[in-house]
There are 2 protein chains.
Amino acid sequence: MTRVDRAEQILEHAQRMVQVRGFNAFSYADLAEATGIRKASIHYHFKTKAQLGLELLERYTRGLIGALTQLDTLPSASTRLEGFIDAYRQTQVSGAICLCGSMASDAETLDDATREVIGRYVRLSSEWVEKTLAKGVEDGEFAPGRSTQDAAASLVSALQGALVMSRATGDFGSLDAVERRFFESFRG
Amino acid sequence: MTRVDRAEQILEHAQRMVQVRGFNAFSYADLAEATGIRKASIHYHFKTKAQLGLELLERYTRGLIGALTQLDTLPSASTRLEGFIDAYRQTQVSGAICLCGSMASDAETLDDATREVIGRYVRLSSEWVEKTLAKGVEDGEFAPGRSTQDAAASLVSALQGALVMSRATGDFGSLDAVERRFFESFRG
DNA sequence: GTCTATAACTCGATAGAC
DNA sequence: GTCTATCGAGTTATAGAC
C-alpha cells in the first residue's frame, strides 16, 4: 500500500475512534489491530500521537470547508442550513460525536497548536451559519430582527451539545428540537 | 481524617479533574498527589476507578437536585431560569465543563450503570427547565405559543455545548448568546 | 486508615533488520 | 514500508504490615 493510502486508512480509523471513544481512550495498539499493520508501522506514518491528533483535525477541517462549499451551491438559505444540520444528524445516527467536540472535551490535555485548530473549526462553522442566515434575511427568506450572530453561535453550541447528550440519554430528539427552534425564530 | 471526610476530599479533587481533563485523563496517582495520601489508600475508599466514576456522578446529581430545590424558592420563572444558566456560567469561568458533559464524551468507555446516571442527570435538568418554563407561561410571565419541551431540550444542549466550545475557542460569548436567544423566544 | 511493595498490564516511542 | 524486539514510564489494582 502506498504511503498516502496507508496514512489515509489510519486517519480514517483514528477519526472514528476519537469520535466514539475519545482521544485519550484509544491507542496505537487499537489502530494496529484495525489497520492490520504493527504499532511501529503506525509510528512511521505519524511520529507521535499528538501529531496524529493535529493531522486528524486539519483533515477534518478540510472536510468541513469542502462540505460548506458544496452546501453553498444549494438554491436557498434554508436548504443550505438544513444540509448543515443534517450533517450532524448523520454523525448522531452513526453513534459518534463531532471530532472537534470530542477533542475539545480533552482540550486541557492537548497542546496549543492542536487547540488552535479546534477553535478555528468552531469559528468557521459559526461564521458560515451567520453568513448564510444574513443572506437569507437579505433575500427576504427569513424574517429580520433577530441577531444572526447570536443565532449562529447558539446553533453550533446546541448541535454539538445535542450529539453528546443524545449518546448518554439514548434520546435523539433533542437535535430535532434544536432544528425546530432555530428555524422557528426566523419565521415571519 | 474520618472515612467520610477523606472520601469527600477525594471526590472533590476527582470531580475537578474530570471536569477539566476528562475521566480517562487522570489517574489514582494524580489523586494521591492532590490529597496527600498514597494510591493504595485511594483504593481503600474507592475500590475501582469505575466505582469512583459512578459515585462522582451520583454525588453530582444530588448537587443538581439541591440546587434546583434552591432555585425553586425564587419568586419568578425568569429569575429561576437565570439562576440555572448562571450555574453554567460559574462552571465556565472556572475553566471546567459539566461533569456529565465530560463523561458523556467518554460514554462508550463507561459501563451501562454509569451511562444511566448521566442520562438521568440530563433528563432531570431538561424536565426542570420545561416545568419552570410552563409555569412562567401559565403565570403570564412568558408569552405562550412556543414548545416548552423543545425549548428545554435545546437550552440544555446549548449550555452543555457552549461550555465545551468556549474552552476550545477562548470565546466565552456563546453562553451569553444562548441565554439571550432563550429568553427572547418567550418575550411577549 | 494508611503505608510499602509489587504484580500484571498497557502506553507511546525507538532501534535496527529486512 | 513493515517487521520484531524492547525500553521506560505509566496504568489499575492487590497483599500484607502497621
Side-chain angles (χ1 to χ4, degrees), chain A residues 1-18 20-57 59 102-103 105-115, chain B residues 1-18 20-57 59 102-103 105-115:
Chain A
M1 195 174 273
T2 71
R3 191 186 329 181
V4 285
D5 285 353
R6 182 65 85 186
E8 183 62 25
Q9 182 204 16
I10 294 167
L11 286 170
E12 199 71 53
H13 281 111
Q15 181 181 318
R16 176 77 194 167
M17 289 178 188
V18 176
V20 171
R21 309 182 39 188
F23 187 72
N24 292 314
F26 85 97
S27 67
Y28 270 47
D30 296 328
L31 282 178
E33 201 194 345
T35 55
I37 61 175
R38 302 292 184 171
K39 273 196 303 175
S41 307
I42 312 278
H43 278 285
Y44 169 79
H45 295 280
F46 303 96
K47 204 152 187 5
T48 67
K49 198 182 177 188
Q51 182 63 29
L52 171 61
L54 186 61
E55 293 195 36
L56 222 37
L57 284 164
R59 174 170 167 277
S102 174
M103 294 189 70
S105 298
D106 302 312
E108 304 298 317
T109 70
L110 307 171
D111 53 61
D112 288 350
T114 306
R115 247 199 308 267
Chain B
M1 195 174 275
T2 71
R3 190 184 330 176
V4 287
D5 284 353
R6 183 63 85 186
E8 182 60 28
Q9 182 204 17
I10 295 167
L11 287 169
E12 199 70 54
H13 281 110
Q15 180 180 318
R16 176 78 193 165
M17 289 177 188
V18 175
V20 172
R21 311 183 36 187
F23 188 71
N24 292 313
F26 86 97
S27 68
Y28 271 46
D30 296 327
L31 283 178
E33 200 194 346
T35 55
I37 61 176
R38 299 295 183 167
K39 278 192 297 174
S41 308
I42 313 277
H43 278 284
Y44 168 80
H45 294 280
F46 304 96
K47 202 149 187 8
T48 66
K49 198 182 176 187
Q51 182 63 29
L52 172 62
L54 186 60
E55 293 195 35
L56 223 36
L57 284 165
R59 173 171 168 277
S102 174
M103 294 188 71
S105 297
D106 302 311
E108 305 298 317
T109 69
L110 307 172
D111 53 61
D112 288 349
T114 306
R115 247 199 307 267

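Scope of the values below: all heavy atoms of this structure, side chains included, with no hydrogens, waters or symmetry mates. Lettering follows sequence order; numbering is per chain, from 1. It should be emphasised that the depicted structure is a prediction, and the values quoted were computed from it without experimental measurement.
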Closer than 4.0 Å, any side-chain N/O of [X] to the OP1 or OP2 of [N]?
{"X": "R38(A)", "N": "dT4(D)", "answer": "yes"}
{"X": "H43(A)", "N": "dT2(D)", "answer": "no"}
{"X": "R3(A)", "N": "dT2(D)", "answer": "no"}
{"X": "Y44(B)", "N": "dG1(C)", "answer": "yes"}
{"X": "S27(A)", "N": "dC11(C)", "answer": "yes"}
{"X": "S41(A)", "N": "dC3(D)", "answer": "yes"}

Looking only at non-hydrogen atoms, find the nearest pair between [X] and [Y] and report the distance.
{"X": "F23(A)", "Y": "S102(A)", "answer": "N-OG, 4.4 Å"}
{"X": "Q9(B)", "Y": "T35(B)", "answer": "NE2-O, 3.6 Å"}
{"X": "R38(A)", "Y": "A32(A)", "answer": "C-CB, 3.9 Å"}

Tell me what [X] touches on the nucleic acid: a base, only sugar-phosphate, or nothing, going by heavy atoms under 4.0 Å.
{"X": "F46(A)", "answer": "nothing"}
{"X": "K39(B)", "answer": "base"}
{"X": "Y28(A)", "answer": "sugar-phosphate"}

Rounded to the nearest Å, what distance is computed from the [atom1] atom of residue [X] to the [atom2] atom of nucleotide [N]?
{"X": "I42(A)", "N": "dT4(D)", "atom1": "CD1", "atom2": "C1'", "result": "15 Å"}
{"X": "Q9(A)", "N": "dG1(D)", "atom1": "CD", "atom2": "P", "result": "14 Å"}
{"X": "F26(A)", "N": "dT10(C)", "atom1": "CZ", "atom2": "P", "result": "17 Å"}
{"X": "N24(A)", "N": "dT11(D)", "atom1": "CG", "atom2": "C1'", "result": "13 Å"}
{"X": "D111(B)", "N": "dT12(D)", "atom1": "CG", "atom2": "C1'", "result": "15 Å"}
{"X": "D30(A)", "N": "dG12(C)", "atom1": "CG", "atom2": "C1'", "result": "13 Å"}
{"X": "K49(A)", "N": "dA13(C)", "atom1": "NZ", "atom2": "C1'", "result": "13 Å"}
{"X": "H45(B)", "N": "dT12(D)", "atom1": "NE2", "atom2": "P", "result": "17 Å"}

>> Salt bridge check, R59(B) against E12(B): does any charged N sit closer than 4.0 Å to a carboxylate O?
In response: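 Result for this pair is yes, salt bridge flagged.
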>> Take a 6.0 Å sphere around CD of E33(A) and say whether it holds more than 12 heavy atoms from other residues, nucleotides or ligands.
In response: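 12 or below, so no.
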